[in-house]
2 protein chains.
Amino acid sequence: MAKFRLDETDHQILDILIDNTRTPFTDIAKKLNISAGTVHVRVKKMEEAGIIIGSSLTLDYKKLGYAFIAYVGVFLQKTSQTKFVLERINQIPFVTVAHVTTGKFNIFCKVRAKNTEHAKQIIFLLDDIEGVYRTETMISLEESLNDKKRLMHSIFKEL
Amino acid sequence: MAKFRLDETDHQILDILIDNTRTPFTDIAKKLNISAGTVHVRVKKMEEAGIIIGSSLTLDYKKLGYAFIAYVGVFLQKTSQTKFVLERINQIPFVTVAHVTTGKFNIFCKVRAKNTEHAKQIIFLLDDIEGVYRTETMISLEESLNDKKRLMHSIFKEL
DNA sequence: GGTGAAAGCACCGAGTT
DNA sequence: AACTCGGTGCTTTCACC
C-alpha cells in the first residue's frame, strides 16, 4: 500500500475531474497551461497506479423514489462468524455499505429504501440472517453531504 | 419531488455510465442497438430532469494515506440548535457526511482520517463544537461497499 | 516528463421520417 | 421519439525537445 507521489498538477487535475469526470482534457489543459497530451498521460498514470479507481454518476435517489436512508447497527450472536454475516448483508442490494466496527455494534450498515414500510422489510431481512442477534435502527431525517473537493484539498495539503 | 419516468433504455444507459462515465456514447449505442444521437438526447434529458446530478471520480483513499474510517454519533445538549451544530460539523473537511437521526444519537457522521491519531484530533474538533454534549465513536475495521449497479437494478425493477 | 500536430473518433444539433 | 449526417471539437499517439 505504498503512497503514490502526486504533484500539484495531479492535484489540480483530480480537483477538476472530481467535480465532473467528463470535463474535456483540452479544457483542463487550458486551465493549467499544459498540453492536453500531458493531462491524458497523467490521468492514465493515476489510473494505472490505482489512485483513480473509476468514475461514477451521482444520481438523485429522491427523484427515483428512494428518499429513505437509515443506519442499522447489527449485534451478532457470540458464536457467529462476522465474515459470513457480512457476506449475507452484502447480498441485500438496498444495503449500500457495511462496516465491521469496534464499539457498540459488530456490524454497521447503511440502508437506502423507498419509505418506512420498505425499510422495515429490509431490516427484517437483516434480522433474519443466521447469526444476527438483533439490530438497532437510526433513521436519517436529513442528510448533509460534505464536498468531496474539500476533503481532497485537505488531503493534498499534507501529501 | 415528482418521480421521473425512465424506461428500459434509460436504465441500461445509466447502468453503463454508472460503471464508467467516460464510456463513449457510440459504444453505448452499439450495445443497445440505438443511435448515438439517441443516447445523447436521453442522457441530456436525465440531466435536465435532475436524475443525473453529476459525475465523480472514485479514488483510493487508502493509497492516498487515508485508510481510517470511523462513524461518530453526536449527542446534543437539550438547548442546542441542531442546524447550527450540523453547519459546524460540515466545516470539518474530514467529515464526509452527516445525518440528523432518530434514535440514540442526534447527529451521526462519517469521518475519514489518516490514522487513529488524526481521527482523535477530528473527534476533538467535534466534541468542541458549541452545543455538543458528547460523542461516541465506532471505528471501522473493514469496509465492504455494495455495488451501485445492484441497487440500481433493484430500483429499476420497481419503477 | 513535456510539447504540438495530425489522425481518428466522438459529440451534438439540425433536418428528416 | 428516433434516425442520419456533418461540422466541430476532443482524444490519443508519436516524433521531437
Side-chain angles (χ1 to χ4, degrees), chain A residues 2-60 63-65 148-149 152-153 155-159, chain B residues 2-60 63-65 149 152 155-159:
Chain A
K3 281 197 216 177
F4 186 81
R5 272 262 145 257
L6 298 176
D7 66 11
E8 187 54 26
T9 307
D10 292 321
H11 297 171
Q12 288 177 295
I13 292 172
L14 288 179
D15 234 32
I16 293 168
L17 288 178
I18 214 161
D19 266 358
N20 177 10
T21 58
R22 290 187 94 101
T23 312
F25 289 0
T26 47
D27 282 13
I28 300 175
K30 263 178 238 159
K31 267 183 210 155
L32 307 186
N33 290 315
I34 53 179
S35 77
T38 302
V39 176
H40 179 239
V41 168
R42 279 171 177 264
V43 169
K44 218 168 148 190
K45 270 191 192 157
M46 290 190 278
E47 281 170 351
E48 277 160 11
I51 300 281
I52 298 176
I53 297 170
S55 61
S56 190
L57 292 180
T58 311
L59 300 180
D60 187 335
K63 287 217 171 115
L64 293 169
K148 260 190 175 179
K149 222 165 169 169
M152 289 244 307
H153 281 134
I155 289 178
F156 292 159
K157 258 188 280 176
E158 319 207 357
L159 285 184
Chain B
K3 281 195 217 176
F4 187 79
R5 271 262 145 256
L6 298 176
D7 67 11
E8 187 54 27
T9 307
D10 292 322
H11 297 170
Q12 288 177 296
I13 293 172
L14 288 180
D15 236 30
I16 293 169
L17 288 177
I18 215 162
D19 266 358
N20 177 9
T21 58
R22 288 188 96 102
T23 312
F25 289 0
T26 47
D27 282 13
I28 300 175
K30 264 178 239 159
K31 269 184 208 154
L32 308 186
N33 289 315
I34 54 179
S35 79
T38 303
V39 176
H40 177 237
V41 169
R42 279 169 178 266
V43 170
K44 216 169 150 191
K45 270 188 192 159
M46 290 190 278
E47 281 170 351
E48 278 161 9
I51 300 281
I52 298 176
I53 298 169
S55 60
S56 190
L57 292 181
T58 311
L59 300 179
D60 188 335
K63 288 217 170 113
L64 292 169
K149 225 167 169 169
M152 289 244 307
I155 289 178
F156 292 159
K157 259 188 280 178
E158 320 206 359
L159 286 183

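Protein chains get the first letters and strands the later ones, always in sequence-line order, with residue 1 at the start of each.
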Exercise for review: Sort out for me which residue in B:Ile34, B:Asp27, B:Asn33 forms a side chain to side chain contact (heavy atoms under 4.5 Å, CB included) with B:Lys30.
Suggested key: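 Testing B:Lys30 for a side chain to side chain contact (heavy atoms under 4.5 Å, CB included) against B:Ile34, B:Asp27, B:Asn33 leaves exactly one candidate, B:Asp27.
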
**Study point:** Plane angle bin for B:Phe156 and B:His11 - parallel if under 30°, tilted between 30 and 60°, otherwise perpendicular
**Key:**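 Plane angle under 30°, so parallel.
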
Does a side-chain N or O of [X] approach OP1 or OP2 of [N] to a distance below 4.0 Å, or not?
X: A:Lys44; N: D:dT11; answer: no
X: B:Arg42; N: D:dA1; answer: no
X: B:Arg22; N: D:dT11; answer: yes
X: B:His40; N: C:dC11; answer: no

For nucleotides 3-6 of chain C, which of its nitrogen or oxygen atoms have a protein nitrogen or oxygen under 3.5 Å away, and what is each distance?
{"residue": "C:dT3", "atom": "OP2", "partner": "A:Ser35", "partner atom": "N", "Å": "2.9"}
{"residue": "C:dT3", "atom": "OP2", "partner": "A:Ser35", "partner atom": "OG", "Å": "3.0"}
{"residue": "C:dT3", "atom": "OP2", "partner": "A:Thr38", "partner atom": "OG1", "Å": "2.4"}

Looking at [X] and [Y], would you say the former's side chain and the latter's main chain have a donor-acceptor pair under 3.5 Å?
X: B:Asp10; Y: B:Asp7; result: yes
X: A:Ser56; Y: B:Ile18; result: yes
X: B:Thr21; Y: B:Ser55; result: no

Practice item. Could you tell me whether the side chain of B:Val39 reaches within less than 4.5 Å of the side chain of B:Ile28, counting heavy atoms only? Key: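 In short, these two side chains touch, coming nearer than 4.5 Å.
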
Distance in angstrom units between [X] [atom1] and [N] [atom2], rounded:
X: B:Leu17; N: C:dA10; atom1: CG; atom2: P; value: 15 Å
X: A:Ile16; N: D:dC10; atom1: CD1; atom2: P; value: 14 Å
X: A:Glu47; N: D:dT11; atom1: CD; atom2: P; value: 13 Å
X: A:Leu32; N: C:dG1; atom1: CG; atom2: P; value: 17 Å
X: B:Glu8; N: D:dA2; atom1: CD; atom2: P; value: 13 Å
X: B:Asp27; N: C:dA10; atom1: CG; atom2: C1'; value: 10 Å

Exercise for review: Select one nucleotide: of C:dC11, C:dG1, D:dC10, the one nearest the side-chain heavy atoms of B:Phe25.
Suggested key: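 Selected nucleotide: C:dC11.
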
